[in-house]
Amino acid sequence: MKRAGSFFEDVHDVARLIPEGRVTSYGAIAKYLGTGMSARMVGWAMNASFNAEPPVPAHRVVNRQGLLTGKIHFSPPEMMQALLEREGIRVENDCIIDFQKHFWDPMVELG
DNA sequence: TAACTGACTCGGC
DNA sequence: AGCCGAGCCAGTT
């Protein structure tokens, strides 16, 4: 893992590595960074990601259930689902279909 | 400066 | 099987 600097910068870095058509969870990123249970911070970092450069695909990060909990922070909120569907991910009722199938684990993919 | 909040997760009841 | 409480860390007020 590369420690770019502050916590949220690391989160941004990992989030940017998420391949297209794949998704991951806050907890997975938190665990990868070694912060363990601080999944909340990942979400908070995502909030800052909107102003980050280069932009972070925050729409590929959802909660452990595959639920688009963060969509409310998008403008409009429906954009998150739209982006995911555009990448071939089926989303229904704010929930990713076959979430585990599209799941991208930084611990496994990045080592 | 101290306190609160938050796009989460886990464990217990 | 669903609801409730606790833990986590950093940024914001």
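By convention in this document, chain letters (A, B, ...) are assigned in the order of the sequence lines, proteins followed by strands, and residues within each chain are numbered from 1. Since this is a predicted model, take the numbers as computed values, not measurements. We use all heavy atoms of the structure for the numbers below, so side chains are in, but hydrogens, waters and symmetry mates are not.
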Worksheet entry | Which nucleotide in B:dC8, B:dC10, C:dA10 has an atom nearest any side-chain atom of A:Arg64 | B:dC10
Worksheet item: What is the distance from CD1 of A:Ile18 to P of B:dA7, rounded to the nearest Å?
Response: 18 Å
Worksheet item: Among the nucleotides C:dC8, B:dA7, C:dG11, which one has an atom lying closest to any side-chain atom of A:Ser38?
Response: C:dC8
Discussion item. Counting C-beta onward and ignoring hydrogens, is there a side-chain heavy-atom pair between A:Leu68 and A:Ile96 closer than 4.5 Å?
Written reply: yes
Practice prompt. Indicate if A:Leu84 and A:Ile18 have the same hydrophobic cluster label, given that clusters are the connected sets of ILVMFWY residues with side-chain heavy-atom separations under 4.5 angstrom.
Written response: no
Practice prompt. Can you figure out which of B:dT9, C:dC8, B:dA7 approaches the side chain of A:Arg40 most closely?
Written response: C:dC8
Item to complete: May I ask you to say what A:Ala58 touches in the nucleic acid, namely base, sugar-phosphate or nothing, with a heavy-atom cut-off under 4.0 Å?
Response: base
Fill in: A:Ala39 or A:Trp44, whichever maps to the more 5' nucleotide of DNA chain C
A:Ala39
Discussion item. Whether A:Arg22 and A:Glu109 form a salt bridge (side-chain N of Lys/Arg under 4.0 Å from carboxylate O of Asp/Glu) is what I want to check.
Written reply: no
Worksheet item: When we call it a touch if two heavy atoms are under 4.0 Å apart, what does A:Asn47 touch: a base, just sugar-phosphate, or nothing?
Response: base
Discussion item. Please determine whether a side-chain nitrogen or oxygen atom of A:Ser25 lies at a distance below 4.0 Å from atom OP1 or OP2 of B:dC8.
Written reply: no
Item to complete: Determine whether A:Phe50 and A:Met79 fall in the same hydrophobic cluster, where Ile, Leu, Val, Met, Phe, Trp and Tyr are linked whenever their side-chain heavy atoms lie under 4.5 Å apart.
Response: yes
Worksheet item: With a 4.0 Å cut-off on heavy atoms, is A:Phe74 in touch with a base, just the backbone sugar-phosphate, or nothing at all?
Response: base
Worksheet item: Which nucleotide in the list B:dA7, B:dC8, C:dA10 gets nearest to the side chain of A:His73?
Response: B:dA7
